[in-house]
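Some notes on the structure that comes next.
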Amino acid sequence: MSMSPSASVELAPKDFKSDLKPIWCPGCGDFGVVQAIYRALAQIGRPPHEIAFVSGIGCSSRIPGYTTAYGFNSVHGRALPIAQGIKMANPDILVLVAGGDGDGFSIGGGHVAHAVRRDLDLTYIVMDNQIYGLTKGQLSPTSPRGLKTVSSTFGSLEAPVNPLQYVLGYGGGFVAQGTPADMAGLAAIIEEAIRYPGFAFVNVQSPCVTFGHPESQLKAQKAMMQSLEAMGHDPTDRLRAMDLARDYGVKLYTGVFYRDPEPPPSYDSQIRARQAELQGKGLPRERILDSFLPR
Amino acid sequence: MSSELIIGMAGSGGDGIVSAGESMINALALEGYHGILTKSFGPQIRGGESSCRLRLSTQPLLHAMGTLDLAVALNWEDFLKFGAELTVGGQTTVIYESKTGVAPDKLPLIGVTPVEAVPVPFTDLAKQAAGTDKAKNSVVLGLISGWLGIAQESLLAGIRKKFTKKGEDVLQGNERAFAVGLEFAHAHPLKASRIMAIPESKSTKFLVDGNDICAAAAIYAGCEFFGGYPITPSSEIMQYLNHEIWKYGGSLLQAEDEIAGIGACVGASFAGKKALTATSGPGMSLKTEMLGLATIAELPLVCVNVQRGGPSTGIPTKSEQSDLYQAAFSAHGDAVRPVLAPISAGDTFGVTVEAFNIAERYQTPVIILSDQEIAQRKETVEPFDAREFKLTERKLPSEAELEHYVRFRYTDTGISPLSHPGMKGGNYLAAGIEHNEHGDPTAGGGTHAKMNDKRIKKLDPLKRRRDLFLIEGDLDAPLALLSWGSMAGVVRDALQSARAEGMRVKLLVPKLLYPVAEEVYRDFFRSVKGGLVVEQSHLGQLYRLIRMFVDVPKGLESLAKSGSNPIAPAEVVTRLREVVQHLQRRLAPEAESQG
């Protein structure tokens with residue numbers, strides 16, 4: 001997380017809730033996610049105007065509008081590039097990114113690898129529901145093989161993307177999973193992700209109440225979720241994390257899969273260092289044309 | 001004594017012919033000459049044949065075109081590949097590698113006998129002087145310096161600067177190669193003397209190319225973020241900023257793709273910084289969704305498209321003006337995005353600063369349509385002071401406005417104060433989705449229409465910016481020439497020739513291409529019966545774009561050619577004579593019936 005330019009103030013979850021009424025279907029998992037984000041942000045204590053919350057397109061991408069932060073509900077799949085631009089332009093800003101599994105791992109999938117390797121200090125929350133909800137029930141990149149939807153009448157022929165392995169595979173320094181079925185746990189995970197000084201990824205199993213599978217609903221999740229911490233998982237063990245991540249789609253582990261115990265300097269901190277090193281080494285702006293004198 | 005000369009040189013990739021051209025123009029700029037150096041490569045961008053042409057003069061130049069006075073062929077095969085770019089005429093002195101075994105009266109040039117052909121043992125001279133044929137280009141420099149009687153000291157200084165870091169042996173070898181070339185020139189004086197007159201003003205000139213000076217203009221304008229992706233012929237903009245922008249508190253992202261490049265710019269602009277991206281046609285296609293987002297979110301940013309031959313990969317190394325439609329109509333929905341085009345490398349400075357000014361003032365993406373010709377050619381420019389170009393900053397909300405901030409508030413100008421993260425009270429939701437004044441999503445038709453109106457009408461004042469149009473010639477002339485971008489120089493030259501022939505003609509060059517400034521064109525066309533719109537595209541996109549918005553004179557015709565097919569000033573004048581004939585034929589019966 002960025003160094004806070006303003007002193008932390010006492011903030012409550014409600015300080016992050018906007019007046020805009022969510023248009024999600026009653027019972028949507030995303031209600032729980034936004035609540036968890038309010039709670040996490042209250043714990044962090046940065047005032048809303050120092051936070052930028054960027055999303056793409058999809059049901060879950062409506063989420064920035066339901067917070068009091070500076071929001072950016074952008075275009076499909078492109079939240080990460082925009083978020084990185086914000087962070088590079090002003091590393092003081094706390095930058096959150098959110099979207100659905102289609103936004104992040106289908107149309108925007110190409111950006112994830114680069115956000116991971118670039119390692120700007122961002123928190124990326126994916127609300128993964130294995131379905132396209134906003135467009136009314138088509139196959140998503142995380143839909144299980146064989147799933148029958150309006151765009152896969154005879155069953156999907158594709159294996160799903162595994163978001164956890166995807167980010168771990170590219171060397172992600174912080175990878176966690178949560179569910180709104182465990183609100184307190186999810187808020188704690190998001191808070192920890194924000195505090196991680198680099199690219200932090202939180203996959204949230206946030207069920208679609210309208211088009212989702214019965215077994216993925218919150219009630220079913222409550223029965224199947226297993227805390228990684230309670231299982232005694234050591235979150236500094238990347239190989240074990242990769243191994244556990246293989247169970248994506250079969251088991252529902254919650255908590256931190258992997259946290260780099262010694263995070264390298266983030267990209268944005270290196271930008272600062274480079275700027276400080278080179279500051280004033282150029283011609284004065286108004287004399288920049290002198291560089292075109294022949295030598 | 002010549003006041004002007006054109007030298008064309010070609011060889012294979014390793015011959016260093018382009019590097020010789022660069023050394024040449026650098027020395028000339030130091031001595032106060034004017035010059036334009038264009039480089040040309042085979043289709044493979046890297047490797048293969050290469051050539052350059054240098055037009056030099058004692059006076060300012062408008063373009064690089066013309067028949068060669070001096071042709072240098074290090075081998076004929078490569079030279080001939082450049083056909084129309086290296087035109088040999090009856091006045092040309094041809095210098096060629098004697099090793100090719102071609103007799104001076106058996107040159108492989110069809111239908112033309114040059115005034116003189118001089119075989120030169122380039123390879124032998126280089127080996128003799130430097131022990132390697134790599135020094136061929138230094139021999140070439142010595143020869144040209146000798147035959148033109150110019151820049152001996154500056155060229156030698158250039159050689160010293162270039163080769164010192166390569167060790168004493170290499171340096172001395174090249175110095176000797178230069179001297180050998182010089183001696184050869186003195187021992188073999190040309191039949192048609194090419195001795196250059198001294199320049200009008202001996203003051204040192206700026207030596208610029210469109211890409212570098214575009215990047216410099218961005219720094220001057222206060223740009224603090226660049227996001228982009230390598231693509232020919234625009235990469236030099238990113239490369240220049242990569243070593244400069246940090247020095248001014250900025251940062252740069254070589255993104256994973258064109259979309260992420262402009263996406264990061266949208267983010268940086270949202271965060272309150274001036275942002276630039278640069279690309280060429282194919283990249284521009286990818287960026288259009290983000291341009292639409294910046295339009296509806298009303299965020300400033302500047303996007304440079306250095307045009308090349310299209311569609312698709314097309315001809316990456318050649319200039320074309322075929323992306324005008326794409327720029328004007330990029331992205332979907334009802335939207336207007338300003339499009340500017342510089343007319344020379346030097347002009348790119350002012351146009352880029354103005355693009356930032358317009359972007360920041362009107363909170364809109366602005367597209368600069370440069371092209372390969374002006375982006376990558378080197379040209380001399382009379383030194384000027386950057387401070388002649390004033391800067392405009394975005395309108396931030398006042399303390400009072402932040403009390404009850406309304407991001408997209410309807411105002412008389414359509415411009416609403418723009419906050420950014422970190423600004424207390426300025427929190428709002430930026431969105432690609434249609435929104436009301438507060439930024440809340442809406443599907444309401446009334447709001448949508450009103451917001452479209454706001455976003456489009458705020459740009460109306462641009463159409464009254466007469467300073468973004470160049471007008472030359474007789475203001476009440478019945479004949480007109482119009483052109484844009486890199487073709488403008490050629491057409492300005494044609495204007496002078498046509499007027500010298502006694503034609504009553506004027507010229508309009510829009511640097512603001514979109515929105516189409518109807519009034520400017522209507523005023524210009526008031527006296528006009530006919531003329532030509534001259535541009536380097538197959539369709540004649542400016543000709544057609546203007547007619548979408550303005551009733552043009554019946555006699556206005558299109559002179560348009562695909563990229564890689566140069567249009568020379570003489571061709572413009574010839575076509576203009578035809579226009580006059582067409583008009584006479586058409587107007588004669590009218591005059592009779594009226595009489």
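Atom set for the values below is all heavy atoms of this structure, side chains included, hydrogens, waters and symmetry mates excluded. Below, chain A is the first sequence line, B the second, and so on; all start at residue 1.
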Are [X] and [Y] close enough for a salt bridge, meaning some N to O gap below 4.0 Å?
| X | Y | answer |
| --- | --- | --- |
| A:R274 | A:E277 | no |
| A:K21 | B:D440 | no |
| B:K202 | B:E31 | no |
| B:E256 | A:R118 | yes |

Just so I know, are the side chains of [X] and [Y] near enough to count as touching, which here means a heavy-atom distance under 4.5 Å?
| X | Y | result |
| --- | --- | --- |
| A:Y170 | A:V112 | no |
| A:P294 | B:T204 | yes |
| B:I296 | B:H435 | yes |

- [ ] For B:R377, enumerate each residue passing the side chain to side chain donor-acceptor pair (under 3.5 Å) test, keeping only those at least two apart in sequence or located in another chain.
- [x] B:E373, B:E379
Open item on the list: Tell me every residue that passes side chain to side chain donor-acceptor pair (under 3.5 Å) with A:T210, counting only those two or more places apart in sequence or in another chain.
Closed with: none
If I measure from the heavy atoms of chain A, does [X] come under 4.5 Å with its side chain, its backbone, both, or neither?
| X | answer |
| --- | --- |
| B:F225 | side chain |
| B:H420 | backbone |
| B:D257 | side chain |
| B:I213 | both |
| B:L402 | neither |
| B:F226 | neither |

Open item on the list: Is it true that B:T279 and B:K287 share a donor-acceptor pair across their side chains at a distance under 3.5 Å?
Closed with: no
Open item on the list: Checking A:S140 against A:D101: is there a side-chain donor and acceptor pair closer than 3.5 Å?
Closed with: yes
Selection from [options] maximising heavy-atom pairs under 4.5 Å formed with chain B:
| options | result |
| --- | --- |
| A:E286, A:K281, A:Q84, A:H76 | A:E286 |
| A:A52, A:A276, A:G282 | A:G282 |
| A:G108, A:A83, A:G71 | A:G71 |
| A:I271, A:N90, A:D290 | A:I271 |

Task: Close approach to chain A in residues 153-162 of chain B, criterion heavy atom under 4.5 Å - done: B:K161
Chain A interface, residue from [options] that has the most non-hydrogen pairs under 4.5 Å:
| options | result |
| --- | --- |
| B:A271, B:A268, B:A221 | B:A268 |
| B:L30, B:L28, B:V266 | B:L30 |
| B:E244, B:R387, B:H438, B:E289 | B:E289 |
| B:K273, B:E224, B:M423 | B:M423 |

Task: Heavy-atom proximity to chain B below 4.5 Å, by part of A:S291 - done: side chain
Open item on the list: Report which part of A:L20 has an atom under 4.5 Å of a heavy atom belonging to chain B: side chain, backbone, both, or neither.
Closed with: side chain
Task: Pairs meeting criterion side-chain hydrogen bond (donor to acceptor under 3.5 Å, both in side chains) with involvement of residues 29-41 of chain A, two or more places apart - done: A:D30-A:S206
Task: Criterion ring-ring contact (aromatic ring centres under 6.0 Å, His included) against B:Y220, the qualifying member of B:F349, B:F389, B:Y248 - done: B:F349
